[in-house]
Visitor: 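Can you read through this structure? Questions will come right after.
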Number of protein chains: 2
Amino acid sequence: MRKLPPLNALKSFEVAARHLSFTKAAEELFVTQAAVSHQVKALEDFLELKLFIRRNRSLLLTEEGQEYYLELRDIFEQLAQATDKLRLVSERGALTVSVPPSFAILWFVPRLSSFREEHPDMDIRIKAVDEISGSLTDDVDVAIYYGDGRWPGVKAYQLHEEYLWPVCSPLLLDKANIQEPIDLFKQTLLHDETRNAWKDWFQLVGLPQYKGDNGPVFSHSSLALQAAVHGQGIALANNVLVKSEIDSGHLVRIFPQALQRNKAFYLVCRDNQAEIGKIATFRQWLLGLVQKEEQEFNQ
Amino acid sequence: MRKLPPLNALKSFEVAARHLSFTKAAEELFVTQAAVSHQVKALEDFLELKLFIRRNRSLLLTEEGQEYYLELRDIFEQLAQATDKLRLVSERGALTVSVPPSFAILWFVPRLSSFREEHPDMDIRIKAVDEISGSLTDDVDVAIYYGDGRWPGVKAYQLHEEYLWPVCSPLLLDKANIQEPIDLFKQTLLHDETRNAWKDWFQLVGLPQYKGDNGPVFSHSSLALQAAVHGQGIALANNVLVKSEIDSGHLVRIFPQALQRNKAFYLVCRDNQAEIGKIATFRQWLLGLVQKEEQEFNQ
DNA sequence: TATTTATCATTACTTTAACTAATGTGACTT
DNA sequence: AAGTCACATTAGTTAAAGTAATGATAAATA
């Protein structure tokens, strides 16, 4: 039927053309430079034309090579996308979600059983990651990001309205005689890595002179909350993350003032994958759950 | 970088999906059924899902397989096109032209030297073919078709206005005393395989009762003209094909009546290749030449 | 119901394609 | 002039693809 060029040679060519170097291409392909040289030569022999101009220290594409490369790049891109998509259209098999650790522990994992009930065929693989940037990598299908909702190349769906509340354990509240914000000056403040949060809160309640920088700093807000549960001080907690500890009575909210931060947790996926099978299923479940919980809260 | 599926396995899959049969796919790929089976299995293993549902006498695609197949088909189509194009963008290397034999001998080949002069880097490979249908095959880039200009999937450019003229050698005309069309009744008529041409011509000149079916039949009009040159009878000749023999005086036109047939020679190429390098170059030369010759004729 | 047939799967083996290691080549660098 | 960098080449190895033979299954046929 069709007489297609040697496909594996095309792959070598595409990579070599992208790097304009056989040596670098070989690294990317985990083969030797000689292998790339062979493959490119085989392709050139098949096509009966030169794709590269070999200068001694530099490699450049011929006109034909340049044109072919651009088309091949698109073709391989399409192939990669079609293949990605394939993995995601079926309801069976796993979906990998990257989640910030605190959100995972305090909110996401406790709610996962509801997903398993609704979608027993679909497994969720959770990957806790600290760095947002670049966490939507090859092996990750969707992610939870914390931020302002503006990230390039992705679709982001906000989950909750979020605030920061001062919280502490009921025991501490009993014995410490905390009536007004100014009473916190004598207390240990617990910090996570969101900088200046306490300072901003004191500003909010009309105490701008206090920096609120005493007390231990935890790498993750879940650790700060854990410390608060154990009566080690007052934490400034995200309403979403702290919800279950408040519901269970392990922590109490000690003032009505809530600090708004223009940041929230977002469900994030690649722009062009938003509507495909598993990803849409997962999004519907997650956004539905958030909505349901907010309705219950407002009743 | 990207983790692409095994490319050769994709090819086997695409063919198998097209035929819905491993056996037929194997035939197309010139391998055994087992080879296709292995390749498809390897692909399914890589993707971790089934592409086919194997029933005992029938093979069908799973939903995922169907979706993947449709995308792959497009991708391979694009690849084939990009590769074809590549061969044709460069001015170097050959362009293969399929030409009906008579047109080749009488018109095309004699004019080829002008092309070589204008485009010394570009070789023309001529393939004389009798059958128009399907002559624009894999190995042929452009073709000359004879017909009404309507063929699906191709671009067709008409070359000349065409008519049929009665012609014979000057010697025969001398000795045979031919004054009016009715005098041809006593002459040997030479036929090529365009059926009913003489009959139609007699109808044109008001002699519908004569079928004009005596005389030898030649498989190609060039042979009929060759017979006419040797004084063996009167031929009904295409004005384009006979031009050089008339110019040289080997044949003379014996009546002014010209039979119109709504058919002509066309330059034909694949729809989507009309504007690429060599093909456009060749078309410009050919159409330009035709136009120049017609201008000279009209002066 | 038994037999044949068509089609894909599987296994053990062979062939071919891809890759490697070592070395060569030519031009720029120092 | 010696060193280095990057691709080419050659000969030999490894891995992928393919084959041949056989097995399994279910539909078609007798």
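As the structure is a prediction and not an experimental result, all values here were calculated from the model.
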Visitor: What integer distance in Å separates B/L59:CG from D/dA27:C1'?
Guide: 15 Å
Visitor: Apply the side-chain contact (heavy atoms from CB on, under 4.5 Å) test between A/L267 and each candidate in A/I144, A/I279, A/V97; give the one that qualifies.
Guide: A/I144
Visitor: Got a sec? Which of residues 31-48 of chain A come in under 4.0 Å of DNA chain D, heavy atoms?
Guide: A/Q33, A/A34, A/S37, A/H38, A/K41
Visitor: Out of curiosity, B/Q81 CD to B/N272 CG, how far, rounded to the nearest 0.5 Å?
Guide: 4.0 Å
Visitor: Check the distance between D/dT19's P and B/F30's CZ and give it to me in whole angstrom.
Guide: 12 Å
Visitor: What's the CZ-C1' distance between A/R54 and D/dT9, to the nearest Å?
Guide: 13 Å
Visitor: Rounded to the nearest Å, what distance is computed from the CD1 atom of residue B/I53 to the P atom of nucleotide D/dA26?
Guide: 15 Å
Visitor: Above 12 or not: heavy atoms from other molecules or residues under 6.0 Å from CZ of A/R54?
Guide: yes
Visitor: What is the separation between atom NZ on B/K11 and atom P on D/dA17, rounded to the nearest whole Å?
Guide: 11 Å
Visitor: So, is A/R55 close to the C/dA27 phosphate, meaning a side-chain N or O under 4.0 Å from OP1 or OP2?
Guide: no
Visitor: With a cut-off of less than 4.0 Å, is there a side-chain N or O of B/N8 near OP1 or OP2 of D/dA16?
Guide: no
Visitor: Please verify the inter-ring angle class for B/F22 with B/F52; under 30° counts as parallel, over 60° as perpendicular, anything in between as tilted.
Guide: perpendicular
Visitor: Given B/Y145, which partner from the list B/W151, B/F103, B/Y266 fulfils the ring-ring contact (aromatic ring centres under 6.0 Å, His included) test?
Guide: B/W151
Visitor: Enumerate the residues from residues 19-27 of chain B whose closest heavy atom to DNA chain D is under 4.0 Å, giving them by residue number; use none for an empty result.
Guide: none
